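Sequential numbering from 1 along the given sequence is applied to the chain's residues. Quantities reported herein were computed from a predicted structural model and do not represent experimental measurements.
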Amino acid sequence: MMVKEVAELAGISVRTLHHYDEIGLLHPSRTTEAGYRVYTDEDLAKLQQILFFRELGFPLKQIREIVSRPDFDRMEAMELHHKLLLEKRIRLERMIETLEKTMKHEKGEINMSNQEKFAGFDFSSNPYEQEARERWGDQAVDESNAKLGSLSNSEQTKLEEEMNAIYRKLADLRQLSPESDEAQEAIGEWYRFLNRLGSYSLEAFKGLGQMYVDDERFTRNIDKFGEGLAVFMRDAMAEYADRRN
């Protein structure tokens, strides 16, 4: 199958497949004389494994390491996927049940306690935390978590407002060159903001910017402030780090 056909089949973008090829996660088995990528059934089976891992929140770097191991067992991985997806389904079913009860409560059909209103919710773990630990080590993440945990609700709200203000400022500048003085001044504000939460080196700052583009979850959330903002921030962060290194 050609790359466009695979993208349509799997429900992902051609750009994503190209990216998987570039980072060594999924190389098509054949390339035509004209340079077109051709995916075999074996490639499709590997892509399915990758997408199962992605659905469960595994970062691309970790997926590549797992599926590239000589001892990687596809059946064992599928059994793990099955177990984790069943657990995820249970959590989702609880949340759906809570939502349905809440709708009835709003209509006056039933009464719900405050405890019942939050059944099924669990935000105690950060889905990006493991990836952050792998990239920058435990200390930076622990410091950031400790600082955030010590803030009051009003302080956390103020911090979130400040963060969103920086995103909006950068979004307004995204049509400029990432190397421009305006862009570099704004991205410097972002660097200083992050270092109020943790201890991020210039190398870590640059790596974080790359993750904004590599990880579709980050791209989707950042681009809510403006299409293409994640790419703009990556380039501006790289320029900022390189100048100071």
### Query
How far does NZ of K101 sit from CG of N111, to the nearest 0.5 angstrom?
12.5 Å
### Query
Which distance, rounded to the nearest 0.5 Å, do you find between the OH of Y212 and the CG of L208?
3.5 Å
### Query
Under 3.5 Å, is there a donor-acceptor pair linking the side chains of E216 and T16?
yes
### Stepwise side-chain contact (heavy atoms from CB on, under 4.5 Å) check, L159 with L197
CA-CA 10 Å; L159 199 68; L197 302 179; 3.4 Å; yes
### Message
Could you report the tightest heavy-atom contact between R54 and P59, atom names first, then the distance?
### Response
NH1-CA, 4.2 Å
### Query
Does any non-hydrogen side-chain atom of I12 lie less than 4.5 Å from one of L17?
yes
### Considering all heavy atoms, the nearest A183-P178 contact
CB-O, 3.6 Å
### F205 and I187, any side-chain heavy atoms less than 4.5 Å apart
yes
### Query
Just by modelled atom types, is the L86 backbone N or O under 3.5 Å from a matching donor or acceptor in the R89 side chain?
no
### Task
State, yes or no, whether a side-chain contact exists between L170 and F232 at a heavy-atom distance under 4.5 Å.
yes
#### Entry: Exercise: identify the closest heavy-atom pair between A7 and S13
CB-C, 4.0 Å
### Query
So does H18 have more than 12 non-hydrogen atoms from other groups sitting under 6.0 Å from NE2?
yes
### Query
Is the backbone of R94 close enough, under 3.5 Å, to the side chain of E97 for a donor and an acceptor to pair up by distance?
no
## Note on the structure
Looking only at heavy atoms, the pair that brings L26 and D43 closest together is CD1-O, 3.8 Å
### Query
Are L56 and L51 joined in one hydrophobic group, where the rule is that I, L, V, M, F, W and Y side chains link up if heavy atoms are under 4.5 Å apart?
yes
### Task
Supply the atom-to-atom distance R37 CZ to M1 CE, rounded to the nearest 0.5 angstrom.
15.5 Å
### Task
Test S177 against S180 for side chain to side chain donor-acceptor pair (under 3.5 Å), laying out the working first.
CA-CA 5 Å; S177 167; S180 67; 5.5 Å; no
### Query
Between R196 and E162, does at least one N-O distance fall below 4.0 Å, as a salt bridge requires?
yes
#### Entry: Main-chain N/O of A236 paired to Q184 side chain as donor or acceptor, under 3.5 Å
yes
### Task
Give, for atom NE2 of H81 and atom NZ of K88, the distance between the pair rounded to the nearest 0.5 Å.
12.0 Å
### Task
Report the distance from atom CZ of R244 to atom CG of L202, rounding to the nearest 0.5 Å.
7.5 Å
### Message
With a sphere of 6.0 Å drawn around NZ of K104, does it hold more than 12 non-hydrogen atoms of other residues, nucleotides or ligands?
### Response
no
### Message
Apply salt bridge (Lys or Arg N to Asp or Glu O under 4.0 Å) to residues K206 and D242 and explain how you reach the verdict.
### Response
CA-CA 8 Å; K206 184 175 181 178; D242 289 344; 2.9 Å; yes
### Query
Counting only N and O atoms by type, is there a donor-acceptor contact under 3.5 Å from the side chain of T40 to the main-chain atoms of S29?
no
### Message
Run the side-chain contact (heavy atoms from CB on, under 4.5 Å) test on R15 and H19 for me, step by step, so that the C-alpha distance in whole Å, both residues' side-chain angles and the decisive distance to 0.1 Å come before the verdict.
### Response
CA-CA 6 Å; R15 178 184 173 189; H19 181 60; 5.6 Å; no
### D21 side chain reached by V3 side chain, heavy atoms, under 4.5 Å
no
### Task
Any chance you could lay out the side-chain contact (heavy atoms from CB on, under 4.5 Å) test for I50 and K46, step after step, and finish with the verdict?
CA-CA 6 Å; I50 292 168; K46 186 174 182 180; 4.3 Å; yes
### Query
For M2, does the CE atom have more than 12 heavy-atom neighbours from other residues, nucleotides or ligands under 6.0 Å away?
yes
### Message
So which atom in A230 and which in D223 form the shortest heavy-atom distance, rounded to 0.1 Å?
### Response
N-OD1, 2.9 Å
### Query
Is T32 reaching over with its side chain to a backbone N or O of Y36, donor-acceptor style, under 3.5 angstrom?
yes
### Query
Can you tell me if N195 uses its side chain to pair, donor with acceptor, with the backbone of Y191 under 3.5 Å?
yes
### Query
So R174 and E227, salt bridge (Lys or Arg N to Asp or Glu O under 4.0 Å) or not? Walk me through it.
CA-CA 9 Å; R174 71 187 188 282; E227 188 68 29; over 6 Å; no
### Task
Carefully, step by step, assess N164 and F225 under the rule side-chain contact (heavy atoms from CB on, under 4.5 Å).
CA-CA 9 Å; N164 290 340; F225 291 89; 3.4 Å; yes
### Message
Can a donor-acceptor pair be found, under 3.5 Å and without considering hydrogens, that links the side chain of H105 to the backbone of M112?
### Response
yes
### Message
Quick check on the hydrophobic clustering: are I110 and F118 connected, directly or via other members, by side-chain heavy-atom contacts under 4.5 Å?
### Response
no
### Task
Using a 4.5 Å cut-off on heavy atoms from C-beta on, say whether the side chain of M103 contacts that of E106.
no
### Task
Verify the neighbour count for atom CZ of F193: are there more than 12 heavy atoms of other residues, nucleotides or ligands below 6.0 Å?
yes
### Query
Do R234 and M237 come close enough that some side-chain heavy atom pair is under 4.5 Å?
no
### Side chains of M95 and E100 in contact at under 4.5 Å (non-hydrogen atoms)
no
### Message
Quick check against the 3.5 Å criterion: does R243 have a side-chain atom that pairs as donor or acceptor with the backbone of E179?
### Response
yes
### Heavy-atom closest contact (I23 atom, L60 atom, distance)
CD1-CD1, 4.0 Å
### E185 CD: over 12 foreign heavy atoms closer than 6.0 Å
no
### Task
Answer yes or no: are there more than 12 heavy-atom neighbours, outside R30 itself, under 6.0 Å from its atom CZ?
no
### Message
Would you say the ring centers of Y20 and H27 fall short of 6.0 Å from each other?
### Response
no
### Message
Count I, L, V, M, F, W, Y as connected when their side-chain heavy atoms are under 4.5 Å apart, and connections chain through other members. Are V14 and L44 then in the same cluster?
### Response
yes
### Query
In terms of hydrophobic clustering (I, L, V, M, F, W, Y; side-chain heavy atoms under 4.5 Å; direct or indirect links), are Y39 and V67 co-clustered?
yes
### Query
Distance from D214 atom CG to Q210 atom CD, nearest 0.5 Å?
4.5 Å
### Query
So, for Y240 and W190, is the gap between ring centers shorter than 6.0 Å?
no
### Query
Any side-chain heavy-atom pair from Y167 and M233 closer than 4.5 angstrom?
yes
